[in-house]
Amino acid sequence: MRSLDAEMAAHVQRAAEAVGVRVLLSVDVEEICAHADGRPRSVKTSVGELPADHVVLSTGVRPATALAQAAGLALGPTGAVATDAQQRCPSADGVFAAGDCAESFHRVLRAPVNIQLGTHANKQGRVAGTNATGGRVEFPGVVGTAVSKICRYEVARTGVTEREAHAAGLRVASSTITARTRAGYYPGAGPIWVRLVVDPIDGRLLGGQIVGVEGAAKRIDVLASCVWNGTTVGELEFYDLAYAPPFSGVYDPLLIAARQATNLLDGGTRR
Ligand SMILES: Cc1cc2nc3c(=O)[nH]c(=O)nc-3n(C[C@H](O)[C@H](O)[C@H](O)COP(=O)(O)OP(=O)(O)OC[C@H]3O[C@@H](n4cnc5c(N)ncnc54)[C@H](O)[C@@H]3O)c2cc1C
């Protein structure tokens, strides 16, 4: 779960272990061993040989650019096809690129990225199609919002993680809160963790991660809107978010997280 900071990924790890998954971290896969008929038999690793009936490789994604390169299209710094905001390929008049093969502008990093999601591909395809047929519309960029369901948890992220921010040379501060998904006395409440990554100078929200038994996947959209618009945690702290006991405490976990994050700001900047 490199898409989360380690502290948040640990919740996902524990949920996987709770259903019997053995998680081995920082272990090298050295060889996949097969029976004579080709079926997998085991996987050799740096901590020993593990028996295996099935082997699933899930090692990340890369843009498939062979066709684009063969056609003479320029790739950008991420290795994906470079485009402008209208999804035009600057290197070839009349050619457009969209989706997994193309770069997107990241609104927090202020740099091109290749984040392969259907949410980006659909919008970019629409932009490319509109411009290719005589219209004029621009794709405004991405903030890296993604959700998934892993074992008992909804897992969500937007903007940048602390690790991604450091890798990009951004100065950030982060804090995490633990809350309940419903009012404490309401049946069925479970844990939810919210981590906010902020600019410590002006308080802008630069990223958020949420892991919880319910309500994480759609709550992330509030944080995505804040990151998109440059909202500060001081503003978010007083957002008029909905409350009723089946859905949250009277202070939504996002508001609690924002209030805590204001303590991270240099000189107590609050807006
Ligand atoms: C298992 C899985 C789950 C996912 N879940 C989500 C999710 O929950 N949310 C989300 O936002 N995104 C999700 N994604 C990502 C999302 O599916 C992709 O980002 C999206 O489909 C990309 O669209 P695309 O049009 O760029 O590429 P694709 O959907 O891959 O379409 C490319 C098409 O081009 C065709 N093609 C390739 N080469 C050639 C050629 N030489 N000539 C002609 N045709 C060619 C391919 O056959 C394919 O049909 C998921 C992806 C996977 C694999």
Side-chain angles (χ1 to χ4, degrees), residues 1-4 8-9 11-12 15-16 19 21 54-92 94-109 111-133 135 137-161 164 192 207-228:
M1 289 304 295
R2 279 182 65 79
S3 57
L4 303 179
M8 296 294 277
H11 299 301
V12 182
V19 295
V21 177
H54 301 276
V55 177
V56 179
L57 288 175
S58 177
T59 53
V61 291
R62 269 194 300 231
T65 52
L67 179 65
Q69 280 183 287
L73 301 182
L75 305 186
T78 69
V81 178
T83 68
D84 66 13
Q86 295 179 27
Q87 301 304 138
R88 292 176 198 277
C89 298
S91 57
V95 178
F96 296 76
D100 285 358
C101 69
E103 291 189 328
S104 306
F105 175 72
H106 198 292
R107 293 168 65 97
V108 177
L109 297 172
V113 290
N114 177 242
I115 300 175
Q116 302 192 359
L117 287 170
T119 47
H120 306 164
N122 271 278
K123 296 181 195 105
Q124 290 178 344
R126 181 171 288 267
V127 168
T130 302
N131 291 324
T133 51
V137 57
E138 298 202 338
F139 182 67
V142 302
V143 291
T145 309
V147 292
S148 50
K149 181 87 196 285
I150 304 175
C151 299
R152 69 187 291 239
Y153 289 139
E154 296 178 16
V155 179
R157 59 149 294 159
T158 190
V160 291
T161 63
E164 290 165 350
I192 186 167
Q209 299 152 59
I210 312 177
V211 175
V213 291
E214 60 185 358
K218 278 296 146 187
R219 271 195 179 93
I220 202 68
D221 290 341
V222 173
L223 298 185
S225 301
C226 291
V227 172
W228 185 275

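As a basis for the values below, the full set of heavy atoms in this structure was taken, side chains included, without hydrogen atoms, waters or symmetry mates. One-based numbering, in listed order, for ligands and for the atoms of each.
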Nearest non-hydrogen protein atom, [atom]:
atom	value
atom 14 (N) of ligand 1	Gly118 N, 4.4 Å
atom 41 (N) of ligand 1	Leu67 CD2, 3.8 Å
atom 27 (O) of ligand 1	Asp100 OD2, 4.2 Å
atom 25 (O) of ligand 1	Ala121 CB, 4.5 Å

Identify each donor-acceptor pair in which a side-chain atom of residues 75-84 lies under 3.5 Å from a protein atom, sequence neighbours left out, and give them as a table.
residue	atom	partner	partner atom	Å
Thr78	OG1	Ala80	N	3.2
Thr78	OG1	Glu103	OE2	2.7
Asp84	OD1	Gln86	N	2.9
Asp84	OD1	Gln87	N	3.2
Asp84	OD1	Arg88	N	2.9

Would you verify that at least one protein heavy atom lies under 4.0 Å from [atom], or report that none does?
atom	result
atom 43 (C) of ligand 1	no
atom 23 (O) of ligand 1	yes
atom 18 (C) of ligand 1	yes
atom 10 (C) of ligand 1	yes
atom 49 (O) of ligand 1	no
atom 35 (C) of ligand 1	no

Compare all side-chain heavy atoms of [X] with those of [Y] and state whether any distance is below 4.5 angstrom.
X	Y	value
Val213	Ile192	no
Trp228	Pro140	yes
Val142	Phe105	no
Cys89	Leu73	yes

**Message:** Is it the case that the side chain of Asn114 and the backbone of Cys101 share a donor-acceptor pair, with hydrogens and angles ignored and the cut-off at 3.5 Å?
**Reply:** no
**Message:** Treating Thr161 as the side-chain partner and Glu164 as the backbone partner, does any N or O pair qualify as donor plus acceptor under 3.5 Å?
**Reply:** yes
**Message:** Would you say Asn122 and Gln124 are linked by a side-chain donor-acceptor pair, where the criterion is simply a distance under 3.5 Å?
**Reply:** no
**Item:** Polar atom proximity, Leu117 to ligand 1 (N or O, under 3.5 Å)
**Value:** yes
**Test of proximity, Gly99 against ligand 1: N or O pairs below 3.5 Å** =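 N/O-N/O distance below 3.5 Å does not exist for this pair.
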**Request:** Could I get the full list of side chain to side chain contact (heavy atoms under 4.5 Å, CB included) partners for Leu4, not counting sequence neighbours?
**Result:** Met1, Met8, Ala9, Val12, Val155, Arg157, Gln209, Val211
**Asked** For ligand 1, which atoms, with element, lie under 4.0 Å from some heavy atom of Thr119?
**Response** 11 (O)
**Asked** Hey, which atoms in ligand 1 end up nearer than 4.0 Å to a heavy atom of Gln116?
**Response**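 Atoms satisfying the 4.0 Å criterion: 15 (C), 19 (O).
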